[in-house]
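Below is one structure, written out as structure tokens; the observations come after it.
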Amino acid sequence: MHKLARLDHAHVWHPFTQMRDWLRREPIIITAGQGAVLRDVRGREFLDANSSIWTNLHGHNHPKLNAALKRQLGKIAHSSALGFANEPASLLAAKLVGMAKGESRMANHDTARAAADSQFAIRSSQLSKVFFSDDGSTAMEVALKLAYEFTRRTRGPKAKPRFLSLAGAYHGDTVGAVSLGHIDLFHQAYGGLLFKTDQVMSPYCYRCPFNRAQPERADAREYRKCNWECVDKVEAKCAAARKRGNDYAAFVFEPLMQGAAGMIPQPAGWLKRVTDIARGHGALLVADEVMTGFGRTGGAGEKVGKRESERGAPARQPTFPPAHFLTGSSAAGVQPDFLALAKGLTGGYLPMAATLTTQAVFDAFLGDYEEFKTFFHGHSYTGNQLGAAAALASLDLLAGRASIAARARLEKDLRCELKSLWSLPNVGDVRRVGLVAGVELVRAWRTREPFDLRERAGIRVCEAMARRGVLTRPIGNVVVLMPPYCTTTAQVRRMVEALREAGEEVLGGR
Ligand SMILES: *Cc1c(COP(=O)(O)O)cnc(C)c1O
């Protein structure tokens, strides 16, 4: 065993990992990366098929990001945001606000609502303030605390702010973020530490109890037969809260695709409808775009879910050419009150996060010092210069023609290549939003019968993929493909091929 592997085995406790399994075999020790390729200590090469747990955007060892970091290193690595401002954090905050503005302009362009809203209403609801933190969990923690306190300040100190989030949701693993989540496997153990939140069904078409369609060899959103009961459920939850005299303080969601819940995509139009309902019942909207942000949701012109008009839903015409939104909420035409950004913020280089919010929320924390309305929250590395410098360079790349073209090509490649997986009897659902795909493995596609988690089907398939030089991590029985934007057509093909072969090898196609 390599010396570094021995040290790891002796001392490192890995996240979300059964360490008994881990200690059974020699770990892959990554020493270098270039584009979508990772190299290990033994000189083997692997494709980074989940962008190093959904963080990397432009590929590893990117010359522009490297140069930006070197430039910043030549000045200073870190000084405190407690008491001081700094150059890259100020520039980044302005850039993120500009991004949010541009996004909402683009999103409103083709909705009637833009015309209905007065100029002032649009402006005051715009995201214009940025609170920095370190990762997705802390970005959600900020949104949660701000929404909680904003609600108490606007509804009165007796208010008991309550949150509504989606079934299966994952919003991070700090205690507040865990309270917003609903993954029993992760969260059960900490029940005693958590505060109560409500959950409502998410539009998991493939396993929806209201979907009367027989399984087909297609994305379940396309052939589902239902009456949008999932929308009714949100309406019923909000109405019940109102009846109790306690409207939800906030509705918390991942736009377009729930990530760690199992890559659960939303049928076109769903998010707009449920957020309109939640807002209509006084809830703030908290968009967790830790996974979906920075272009992951791809071209907005491509919307899946053809039975949109089944119950008279407003069919949003696809825009051509597809608009490449940087956030899922904008792509869905939704203007949140809080936008949590992390994973891809620095292009996958450094831990940094941002929570964007509105002037209205900001104003609720203004007062004379002795009123103690201050937002008493923050971390040692808040507004870190290196992270901000990387983020600025990453945002520049994202806005560039080359990145937009690369994203469009990657989206097309994924769409084409993923089709081949339908030939596997153990593939139940292949679902993709933009540049993110989840492949749900089942015992038999005709029945949708799931594998017992204890069989570790997803884990074993990913291990077999690693043996073929492709690295990703499953979520239960769902294998994730979320490559960096620089991934070539040939590399996408190899990723999908590895998944197909691994599925055949491990599950045997029975
Ligand atoms: C990963 C993730 C988080 C947590 O982010 P960390 O950086 O791991 O703390 C929160 N929300 C979503 C949607 C995520 O995908």
Side-chain angles (χ1 to χ4, degrees), residues 13-17 50-57 131-145 147 163 165-183 185-187 190 194 197 199 202 204 250-266 271 285-297 326-329 331-332 334 336 338-356 377 379 381-382 384 387 390-391 394 433-438 472-476 478 480-482:
W13 191 338
H14 286 263
F16 288 93
T17 301
N50 76 345
S51 294
S52 295
I53 205 71
W54 319 353
T55 58
N56 194 285
L57 300 185
F131 198 99
F132 287 115
S133 62
D134 315 315
D135 51 46
S137 306
T138 55
M140 288 304 292
E141 236 26 77
V142 168
L144 169 69
K145 278 192 176 175
F163 293 83
S165 46
L166 296 175
Y170 179 77
H171 295 295
D173 54 11
T174 53
V175 167
V178 168
S179 296
L180 293 174
H182 301 288
I183 301 182
L185 183 66
F186 297 170
H187 299 162
Y190 310 107
L194 310 179
T197 59
Q199 62 173 307
S202 62
Y204 187 3
F251 176 51
V252 183
F253 55 88
E254 285 178 81
L256 300 184
M257 176 94 128
Q258 275 181 284
M263 294 304 162
I264 305 195
Q266 297 155 9
L271 188 67
L285 301 181
V286 178
D288 178 351
E289 302 233 24
V290 172
M291 189 273 286
T292 52
F294 304 112
R296 273 291 164 199
T297 55
L326 292 177
T327 62
S329 40
V334 171
F338 295 93
L339 178 68
L341 300 167
K343 289 194 171 91
L345 174 60
T346 60
Y349 264 54
L350 285 155
M352 184 179 215
T355 307
L356 274 63
H377 182 101
H379 301 260
Y381 283 97
T382 294
N384 172 257
S394 174
V433 170
L435 314 177
V436 188
T472 184
R473 259 180 96 84
I475 306 162
V478 178
V480 175
L481 288 184
M482 192 193 296

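Ligands are counted one by one from 1 in listed order, and the atoms in each one are counted from 1 as well.
Residues Met263 and Val436 approach most closely at SD-CG1, 3.4 Å, considering heavy atoms. Considering all non-hydrogen atoms of both residues, His182 and Leu166 come closest at CD2-O, 3.3 Å. Residues Ser137 and Gly172 share a closest heavy-atom pair of OG-CA, 3.3 Å.
Only the side chain of Lys343 comes within 4.0 Å of ligand 1, counting heavy atoms alone; its backbone N, CA, C and O stay farther away. In Asp135, the parts holding a heavy atom less than 4.0 Å from any atom of ligand 1 are both the side chain and the backbone. Residue-level proximity to ligand 1 for His171 is carried by the backbone, the only part with a heavy atom below 4.0 angstrom.
The closest side-chain donor-acceptor pair between Arg296 and Thr327, if any, does not fall under 3.5 angstrom. Side chains of Gln199 and Ser165: no donor on one and acceptor on the other come within 3.5 Å. Looking at Glu141 and Ser133, their side chains never bring a donor and an acceptor atom within 3.5 Å of each other.
Within ligand 1, counting atoms from 1 as listed, the ones closer than 4.0 Å to a heavy atom of Trp54 are 15 (O). Those atoms of ligand 1 that come under 4.0 Å of a heavy atom in Gly172, given as number and element, are 4 (C), 10 (C). Atom numbering of ligand 1 starts at 1 in the shown order; those under 4.0 Å from a heavy atom of Gly136 are 4 (C), 5 (O), 6 (P), 7 (O), 9 (O). Those atoms of ligand 1 with a heavy atom of Asp288 less than 4.0 angstrom away are 10 (C), 11 (N), 12 (C), 13 (C). Listed by atom number, the atoms of ligand 1 under 4.0 Å from Met291 heavy atoms are 15 (O). Ligand-side atoms of ligand 1 in range of Glu254: 13 (C), range being under 4.0 angstrom from any heavy atom. Less than 4.0 angstrom separates some heavy atom of Ser137 from each of these atoms of ligand 1: 4 (C), 5 (O), 6 (P), 9 (O).
Contact annotation: Met140 has no heavy atom less than 4.0 Å from any atom of ligand 1.
The side-chain hydrogen bond (donor to acceptor under 3.5 Å, both in side chains) pairs that include a residue from residues 345-354 are Asn66-Tyr349, where partners are two or more places apart or lie in different chains.
The closest donor-acceptor contact from the side chain of Ser329 to the backbone of Pro336 lies at 3.5 Å or more, if one exists at all.
Any N or O atom pair closer than 3.5 Å counts here, and Ala342 shares no such pair with ligand 1.
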